[in-house]
2 protein chains.
Amino acid sequence: MLETSARLLKLLSLLQVRRDWTGAELADRLEVTTRTVRNDMERLRALGYPVRATPGVAGGYRLDAGAHVPPLLLDDEEAVAVAVSLRTAAGGSVTGIEEMAARALVKLHQVLPSRLRRRVDALQAAVVPAPPWAGPGADAGVLTTIATACRDHERLRFDYRAHGGGESVRSTEPYRLVHTGRRWYLVAWDLDRDDWRTFRVDRVRPRTPAGPRFTPRPLPEGGDVARYVARNAGAATWRYRARVVVHAPAERVARRLPMPVEIRPLGPDRCVFEPGSDDPLALAGYLTLLGEDFTVEDSPELTAALRTLAARLLRATGEPPAPR
Amino acid sequence: MLETSARLLKLLSLLQVRRDWTGAELADRLEVTTRTVRNDMERLRALGYPVRATPGVAGGYRLDAGAHVPPLLLDDEEAVAVAVSLRTAAGGSVTGIEEMAARALVKLHQVLPSRLRRRVDALQAAVVPAPPWAGPGADAGVLTTIATACRDHERLRFDYRAHGGGESVRSTEPYRLVHTGRRWYLVAWDLDRDDWRTFRVDRVRPRTPAGPRFTPRPLPEGGDVARYVARNAGAATWRYRARVVVHAPAERVARRLPMPVEIRPLGPDRCVFEPGSDDPLALAGYLTLLGEDFTVEDSPELTAALRTLAARLLRATGEPPAPR
DNA sequence: GCCAATGCGGAACGGTTCTTTCCGCGATCG
DNA sequence: CGATCGCGGAAAGAACCGTTCCGCATTGGC
């Protein structure tokens with residue numbers, strides 16, 4: 001039964017793409033009767049994959065987490081993401097899992113279509129670098145929760161810390177996650193306000209029980225969510241900007257400063273770039289990693305931060321603080 | 001045909017674990033005749049997976065890279081590595097692939113056994129952060145090439161840049177990759193020297209044509225490769241060591257100082273750790289990222305580096321250097 | 001050049017299994 | 001209560017499977 005095997009694989013794939021499927025939907029996709037779908041589910045269970053089925057009007061099939069990892073059926077983009085992430089981890093940018101990452105990478109690399117391999121190489125070269133002075137990244141757990149809710153059209157309740165600091169509970173129908181520059185935003189329909197809203201993911205704290213499913217409504221801006229976010233969230237603007245002149249050749253600086261910032265040469269031995277930051281002290285810290293002399297212009301906050309840091313370093317040596 | 005489907009899946013899994021298999025080996029593992037294996041290969045091909053078979057005495061079956069990504073069959077460790085890597089990438093520590101990583105993560109997360117999910121969480125908390133003051137990570141491409149050769153017992157020829165700087169071509173039978181602290185080492189049998197050798201991966205430049213397969217020989221040190229590397233490579237010894245007392249609670253420091261270094265509390269508001277470094281200046285730079293006051297003990301090099309840095313920071317503000 | 005190891009594929013056969021069709025039951029939600 | 005789901009038994013014909021047997025083609029080492 002080649003048919004059967006292929007169908008089982010496709011079934012696994014479908015169950016990974018979306019969480020809940022009704023038997024009828026699956027039967028339709030697979031071009032078999034629902035009875036066959038039921039048989040297939042039984043087969044999957046016999047193979048060890050825990051398929052949960054819930055009866056009732058909101059019921060359906062769902063692939064649960066089981067005792068072992070089922071075959072992962074990735075599309076191109078996902079495979080590329082996995083490859084790039086693993087390469088970064090194996091190379092030492094994520095400590096502690098190098099060996100495991102290397103092993104997984106070998107496995108994936110062997111079967112990665114060459115066109116994807118090229119994409120991986122390109123991305124790896126262009127894109128790897130770790131985060132600069134921007135704050136810590138988004139919480140991956142929160143991100144996953146939200147992404148899952150979006151994918152499965154499940155209502156989401158969460159605590160939201162507003163810009164001012166006040167907390168509020170939001171009930172939403174989550175639609176899209178949008179990543180701009182350095183932040184994640186959630187585009188969702190706010191059930192209390194009865195309107196579209198964007199939420200900064202780093203301020204979201206999901207509440208545990210997954211909500212019931214909802215039927216999607218048309219997106220704002222005709223579906224151009226990115227624009228909607230750009231318009232409404234003010235997007236990725238830094239609180240502080242600075243101009244840093246480095247007394248070293250541009251290429252050397254570029255090599256040691258792996259960040260998505262444009263570095264402009266100012267002659268053979270000088271160059272300039274304009275980093276942004278929410279935290280001047282953190283930025284000052286990263287600038288010390290440059291290993292070159294530099295000068296800061298037009299940023300009193302950063303200048304102050306540098307003085308603070310210098311004082312701290314001198315204190316660390318056990319010397320008295322430098323006179324102001 | 002539950003049997004058949006299960007066998008095909010297992011076949012795919014086997015073909016991912018190792019590259020080359022003879023029909024007899026597979027038949028043995030799957031407990032069927034070789035004829036059935038042949039039939040299964042035909043089935044796999046019909047399903048779109050490019051199985052290459054080479055006749056002859058060194059022949060066998062191999063799963064090639066095809067047009068699309070085959071189902072990935074990961075073991076526990078590999079799944080954890082993938083999850084952790086993806087979380088790091090999605091969180092923003094690897095820029096440019098956040099969306100794709102998030103999507104892949106959702107898929108994996110849904111089916112990840114809970115015991116693995118716990119491991120992922122633990123690793124994520126303890127381990128994610130970017131590299132410390134060590135140099136740039138190993139090249140993932142080189143790493144993959146070597147790891148593949150090890151796995152498949154294929155001879156490996158490469159240019160090796162010795163410590164002094166001279167280059168030489170090596171012909172080896174590669175056995176193991178060992179990761180210590182901050183470097184990757186290859187343990188291999190050097191065919192020219194006719195003895196075991198360890199090579200630093202960052203000095204290896206593989207030559208393209210994959211060598212013929214070889215039959216493994218018993219490893220040195222009775223198989224304790226890690227010890228062999230530690231003994232022979234001088235391993236992860238730092239050129240300088242320092243003692244740093246931080247004027248902040250241990251937990252806070254541990255959170256902001258993501259390195260494989262033991263932090264010992266010295267009371268509620270003080271703790272100490274002993275980092276090593278090859279480059280005091282770089283280490284000094286990373287210490288500034290701590291964001292806490294600290295004191296350095298027993299390390300004239302680091303003290304000097306801190307003074308140098310402080311002076312540089314003050315110069316950067318446009319002020320005259322602090323008096324000594 | 002020869003030989004051993006390896007993959008290839010046709011044919012035939014007995015046994016198994018799959019898919020479908022039909023149908024009544026049970027659970028869940030509004 | 002009713003609509004919407006999933007569940008699973010039975011039956012029947014068709015399709016598939018795994019095995020056994022065989023001779024052939026290709027490859028690399030001795």
Side-chain angles (χ1 to χ4, degrees), chain A residues 1-11 14-15 18-47 49-64 152-155 209-215, chain B residues 1-11 14-15 18-47 49-64 152-155 209-215:
Chain A
M1 268 310 154
L2 213 176
E3 279 292 307
T4 315
S5 306
R7 207 176 50 241
L8 286 186
L9 235 39
K10 193 162 182 189
L11 201 44
L14 288 175
L15 288 174
R18 213 218 289 173
R19 186 149 68 180
D20 288 287
W21 295 84
T22 68
E25 282 172 324
L26 293 174
D28 202 46
R29 290 286 196 112
L30 302 171
E31 304 184 287
V32 290
T33 47
T34 60
R35 186 65 183 88
T36 299
V37 171
R38 282 205 292 284
N39 287 335
D40 284 349
M41 292 303 176
E42 207 176 315
R43 276 187 262 265
L44 284 184
R45 293 200 186 100
L47 287 174
Y49 307 114
V51 180
R52 180 198 302 179
T54 47
V57 65
Y61 294 96
R62 163 186 304 196
L63 183 58
D64 268 339
D152 299 329
H153 306 305
E154 282 178 344
R155 282 194 184 168
R213 286 158 72 186
F214 62 87
T215 48
Chain B
M1 282 293 147
L2 211 175
E3 280 290 308
T4 315
S5 305
R7 205 176 50 243
L8 287 185
L9 234 41
K10 194 162 180 188
L11 201 43
L14 288 175
L15 288 174
R18 214 217 287 173
R19 186 150 67 179
D20 287 288
W21 297 83
T22 69
E25 283 173 325
L26 293 173
D28 200 45
R29 290 284 197 111
L30 302 172
E31 303 183 289
V32 290
T33 49
T34 59
R35 185 67 183 88
T36 300
V37 171
R38 282 206 291 283
N39 287 334
D40 284 349
M41 290 305 176
E42 207 177 313
R43 276 187 262 266
L44 285 185
R45 293 201 187 100
L47 288 175
Y49 306 115
V51 180
R52 178 200 302 179
T54 49
V57 64
Y61 294 96
R62 164 184 304 195
L63 183 59
D64 268 340
D152 299 329
H153 306 306
E154 281 178 345
R155 284 196 182 165
R213 286 159 71 187
F214 61 88
T215 49

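Throughout, a chain's letter reflects where its sequence line sits, starting with A, and its residues are numbered from 1.
- Nucleotide dT17(C) holds its C1' atom 13 Å from the CG atom of L8(A), rounded to whole Å.
- Residues meeting the side-chain contact (heavy atoms from CB on, under 4.5 Å) test with T36(B), sequence neighbours left out: R7(B), V32(B), T33(B), D40(B).
- When the nucleotides dG7(C), dT20(C), dG18(D) are ranked by their closest atom to the side chain of A53(B), dG7(C) comes out on top.
- Listed by chain and residue number, nothing satisfies the side-chain hydrogen bond (donor to acceptor under 3.5 Å, both in side chains) test with R38(A) (two or more places apart in sequence, or in another chain).
- The side-chain hydrogen bond (donor to acceptor under 3.5 Å, both in side chains) contacts involving residues 53-63 of chain B comprise D20(B)-R62(B), where partners must be two or more places apart or lie in separate chains.
- Between the P atom of dG6(D) and the CG atom of L15(A) lies a distance of 12 Å, rounded to the nearest Å.
- In plain terms, the two heavy atoms of W21(A) and L14(A) that are nearest each other are NE1-O, 2.9 Å.
- In this structure, R29(B) has no side-chain hydrogen bond (donor to acceptor under 3.5 Å, both in side chains) partners at least two apart in sequence or on a different chain.
- Remark: D152(A) pairs with R18(A), R19(A), T148(A), E154(A) by the side-chain contact (heavy atoms from CB on, under 4.5 Å) rule, at least two apart or across chains.
- For T34(A), there are no side-chain hydrogen bond (donor to acceptor under 3.5 Å, both in side chains) partners two or more places apart in sequence or in a different chain.
- The distance between atom CG of L26(A) and atom C1' of dC5(D), rounded to the nearest whole Å, is 13 Å.
- Among the atoms of the strands shown, none is found under 4.0 Å from any heavy atom of R62(A).
- One atom, CD of E31(A), and another, P of dT20(C), lie 11 Å apart when rounded to the nearest Å.
- In this structure, R45(B) has no side-chain hydrogen bond (donor to acceptor under 3.5 Å, both in side chains) partners at least two apart in sequence or on a different chain.
- Checked against dT19(D), dC5(D), dG7(C), the side chain of T22(A) finds its nearest nucleotide in dC5(D).
- Contacts between residues 33-40 of chain A and DNA chain C, defined by a heavy-atom separation under 4.0 Å, are made by T33(A), R35(A), T36(A), N39(A).
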Distances under 3.5 Å between protein N/O atoms and the N/O atoms of nucleotides 25-27 of chain D, please, pair by pair.
unit_1, atom_1, unit_2, atom_2, d
dT26(D), O2, G56(B), N, 3.3
dT27(D), O2, V57(B), N, 3.2

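- Rounded to whole angstrom, the span from the CD atom of E25(A) across to the P atom of dT4(D) amounts to 14 Å.
- The distance from atom CG of L30(A) to atom P of dT20(C) is 10 Å, rounded to the nearest whole Å.
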For a side chain to side chain contact (heavy atoms under 4.5 Å, CB included) check, start with the C-alpha distance between M41(A) and L26(A), then their side-chain angles and the critical distance, and finish with the verdict. CA-CA 11 Å; M41(A) 292 303 176; L26(A) 293 174; 3.4 Å; yes
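- Going from atom CD of E42(B) over to atom P of dC16(D) covers 13 Å, rounded to whole Å.
- Straight-line distance from the CZ atom of R7(A) to the P atom of dA15(D): 15 Å, rounded to whole Å.
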